[in-house]
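Just below is one structure, and these are the notes that go with it.
Hydrogens, waters and symmetry mates are skipped; everything else that's a heavy atom, side chains included, is used. Below, read A as the first sequence line, B as the second, and so on, with proteins coming before strands; counting in each chain starts at 1.
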Amino acid sequence: MDKENFFERVYDIVRQIPYGRVTSYGAIAEYLGTKGSSRMVGYAMNACGTAYPPVPAHRVVNHQGLLTGKRAFASPNLMQELLQSEGIEIKNDKVMDFKHVFWHPADLQTMS
DNA sequence: AAACTGACCTTAT
DNA sequence: GATAAGGCCAGTT
């Protein structure tokens, strides 16, 4: 189905998230131009399993850095394990140093 | 076509 | 500072 034009935008950005970095739904929505569609970003993630290649949805968290979407994974602890596997410290389902690991879609060229 | 849902964010109390 | 409600956009039923 090629009606996923909006979803593809979200998937494309999430796939470009660097290793050991996380981003927020609002940041992606803002980059897409639809800042108010922050909920849509998460909605698209719900269908991330239908998209290919699969997107690292575990790198996408809410504004608080809380793993709100962990329940959408096969196992709630899977998302936390994946983030910890990337060097991200998780505490109480929340990303530690969230500001430190926070990555913005337009921050690709900001890095050397 | 209308109403409901949703892995959110902002503002108000 | 924490909790409650509203607003926003797109998709699904």
Across nucleotides 1-7 of chain B, 5' to 3', mark each nucleotide with B, S or - according to how protein heavy atoms within less than 4.0 Å reach it. -----BB
To the nearest 0.5 Å, how far apart are CD1 in A/Ile88 and CD in A/Gln80? 11.5 Å
Considering only heavy atoms from C-beta outward, does the side chain of A/Asp93 approach that of A/Lys70 to under 4.5 Å? yes
Please classify the nucleic acid contact of A/Ser38 as base, sugar-phosphate, or nothing, using heavy-atom distances under 4.0 Å. base
Can you name the ring pair (Phe, Tyr, Trp, His ring centres under 6.0 Å) partners of A/Phe98, sequence neighbours left out? A/Phe102
Nearest 0.5 angstrom please: A/Tyr31 OH to A/Asp107 CG, how far? 11.0 Å
Could you state the atom-to-atom distance from CD of A/Gln64 to C1' of B/dC9 in whole Å? 10 Å
Output the rounded distance in Å from CZ (A/Phe7) to P (C/dC9). 16 Å
If you take any heavy atom closer than 4.0 Å to DNA chain B, which residues from residues 80-90 of chain A end up in contact? none
For the pair made of CZ in A/Phe6 and C1' in C/dG11, what is the distance, rounded to whole Å? 11 Å
Could you tell me whether a side-chain N or O of A/Tyr25 sits under 3.5 Å from a main-chain N or O of A/Val60, the two making a donor and an acceptor? yes
Taken to the nearest 0.5 Å, the spacing of A/Glu89 CD from A/Met96 CE works out to 7.0 Å
CD1 of A/Ile17 to CZ of A/Arg59, rounded to nearest 0.5 Å, is 7.0 Å
Quick one: CD on A/Glu30 to OG on A/Ser37, what's the gap to the nearest 0.5 Å? 10.5 Å
